[in-house]
Amino acid sequence: MHDMSKKITALSKTTKNREASTVIEVDDIGFSYDLGKTETLKGISMEIPKNQVTALIGPSGCGKSTLLRCLNRMNDLIDTAKITRGAIRILGQDIHAAEVDAIELRKQVGMVFQKYNPFPKSIYDNVAYGLRIQGVKKKSILDEAVERSLRNAALWDEAKDRLKDSALGLSGGQQQRLCIARTIAVRPKVILMDEPCSALDPIATAKVEELMLELRKEFTIVIVTHSMQQASRISDRTAFFYLGELVEYASTSHIFTSPSVKQTEDYISGRFG
Amino acid sequence: MNASENPFESKRNWTKLREKLGVGSFGIATYFILFCAALIFGQIAYKGLPTFFKSEAPYVNTEFFTSNPEILRVWHDAEGNKFSMPDKKFDVWRRDNPDAVILDPHALNYSAGGIAGPLIGTALLVLFCMIIALSIGISAAIYLSEYCGKGRIMSMIRLSILNLAGVPSIVFALFGWGIFCHAAPAIVDHVDERSLFAFSIGSNYLSFQGWGTSLLAGSCTLAIMVLPVIITACEESLRAVPKGFREASFALGSSQWQTIRKAVLPYALPGILTATVLGITRVAGETAPIMLTATSTDKTDMPMQALQNEGVWAFFTQSVQALPFHIYTLAKLPDDPLSKPMQNGATFAFLLLVMGFAFVSILLRNRVRKKLKW
């Protein structure tokens, strides 16, 4: 199976030049949560193209969220986490190199979480958080950034009259879009989304999905999702993971219509997972 | 359908009886404690309240709250009429009535005047103690919960802190007496002979001679005593802040300190204030530590006078009176009905002071909590 995933990656590499340029390059990455005793990711290689939505799918525990959290080094926060091999290059830079500051990396690679987690502050303060952290104090700049981000996140019309109200007064779907607005306020290159719709109802989900399709014009989006319908609706490319390995990675239409690997087909058609 | 066919018919059995017994005994225990508390508070209030008021206008005994303890002079005249008068008043009265017959005169210590000195002393001790304890305690809690790892040494440190919370206060008192009263460094003009060692800096000396029996030594001793409680409670409240806030903050490119300051500390504030309440009520009531390190019974001037006359350093190194210690002194007085009002009044005032501290902190906490809901 390992050979298979390598073959597929190689295949996607050859087609690289005909597609959009690569933003993230994952090169044979191995990752362990317990200092190398067991590998959660077993040599993943994939290239994520610019201004596209790339979906990571697979059954629970397959390593897709772990890979996502490797991309902005959120796993650094876990004491016993360790990259066991390989490298991740974003915009051509190895992100684990000594001269890379994880803080600067996260400004370029933002993240939206499974459980919407706005701070218990006002809507305005939530969106302005990232910029204020970077030392932006001027009100005109903050005002403009807040409005632009909320418009981008399709939340402006609902929130413009209550910017000073607590973010926790918003509905779940609005809160998640606020988290997206908060993330894009710092103008990252890449947005990572970890099951952003799993806590939302279908209508709120549809809004967030619509938003993602809009956002890919400006940002590169990597999304982890449990919903295959969602992956097929919004993503340009889909990667199927199983037990820490990349089973198949290709364009979404290919994966969902004529997967090359039997396992992918079984998972997509609901026969396992 | 007749009644005997009811499938949910109540059955008498042991489980039910046991449940009733359990609930009953928990209830009795709760009400017993409430009863005891009410009895104690009621007793103190009933006996203490009369000291707060007097029969003529303005009906409130302002002297009790605004003057220092005094000696009460007691005597009777030839006809057997009993007289009692505070010391200063007595001197004036004696001058005006030089011929008055005074039989069997005696003096009752601390039985006149008021409790202003002890009241202010205790407030100052609690204030400075909490400033010291909170600044060190919150820093330590942040380090323990956010920065340091989970290694064996760290868990040993945590265990030691927890154990410190159980150390008797007299041990802290002796520690504070040894360190702060007799060995702490001070900048002085001339070196006292009790100094451990000293070296000169410019025209002054840095002398390890301690701060003597002083407000500063007392506050530091109390602070060290209450630190374990504060560190543990603050650490718990920091840990209780949802992980999502930290992750969101990190994902937006903030450093660890920015995350702690903006996304963790504000939301741990209610818990930290609860710890402060606990700390204050414990500190305000402690007698042993201040008895050795901070208090004097026979001090006549108010703490503020030192600040006005001699400056900040003199203010912090003066000894103060403190309410719990004053109550202890009053309790040891020879039994005399004329001493009772002071004893009861001081006790009740002390109770009110501690309740007041706790009440303000709880109000503050509720306000913060209302602002921060998630």
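Below, chain A is the first sequence line, B the second, and so on; all start at residue 1.
Pairs passing the ring pair (Phe, Tyr, Trp, His ring centres under 6.0 Å) check and including a residue from residues 159-184 of chain A, sequence neighbours excluded, do not occur.
Rounded to the nearest 0.5 Å, atoms CD1 (A/I103) and OG1 (B/T259) are 8.0 Å apart. Summarising the geometry, atom OG belonging to B/S254 is positioned 14.0 Å from atom CZ belonging to A/R132; distances are rounded to the nearest 0.5 Å. Summarising the geometry, atom CE belonging to A/M74 is positioned 11.5 Å from atom CZ belonging to B/R246; distances are rounded to the nearest 0.5 Å. The CZ atom of B/F250 lies 12.5 Å from the CZ atom of A/R73; values are rounded to the nearest 0.5 Å. Interatomic distance, B/K262 NZ to A/D125 CG, rounded to the nearest 0.5 Å: 10.0 Å.
Within a 6.0 Å radius of CD1 in B/I157, other residues, nucleotides and ligands contribute more than 12 heavy atoms. More than 12 heavy atoms of other residues, nucleotides or ligands shown are found within 6.0 angstrom of CD on A/E218. Counting non-hydrogen atoms of neighbouring residues, nucleotides and ligands closer than 6.0 angstrom, the NZ atom of A/K37 reaches no more than 12 such neighbours. Annotation: B/Y147, atom OH; neighbour count of heavy atoms from other residues, nucleotides and ligands within 6.0 Å is above 12.
Taking both residues in full, the closest heavy atoms of A/K107 and B/G253 are given as CE-O, 3.4 Å, listed atom of the first, atom of the second, then distance. Considering every non-hydrogen atom in both A/P118 and B/F245, the closest pair reads O-CE2, 3.6 Å. The heavy-atom pair separating B/A248 from A/N117 by the smallest distance is CB-ND2, 3.5 Å.
A/V109 touches chain B through its backbone: at least one of N, CA, C or O sits under 4.5 Å from a heavy atom, while the side chain does not. Of the atoms belonging to A/P188, not a single heavy atom falls under 4.5 Å from chain B.
For the set A/L77, A/V186, A/T183, the entry with the most heavy-atom pairs within less than 4.5 Å of chain B is A/L77.
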Quiz prompt | Test side chain to side chain contact (heavy atoms under 4.5 Å, CB included) applied to B/E247 and A/R69, step by step | solution = CA-CA 11 Å; B/E247 287 191 329; A/R69 284 166 166 268; 3.1 Å; yes
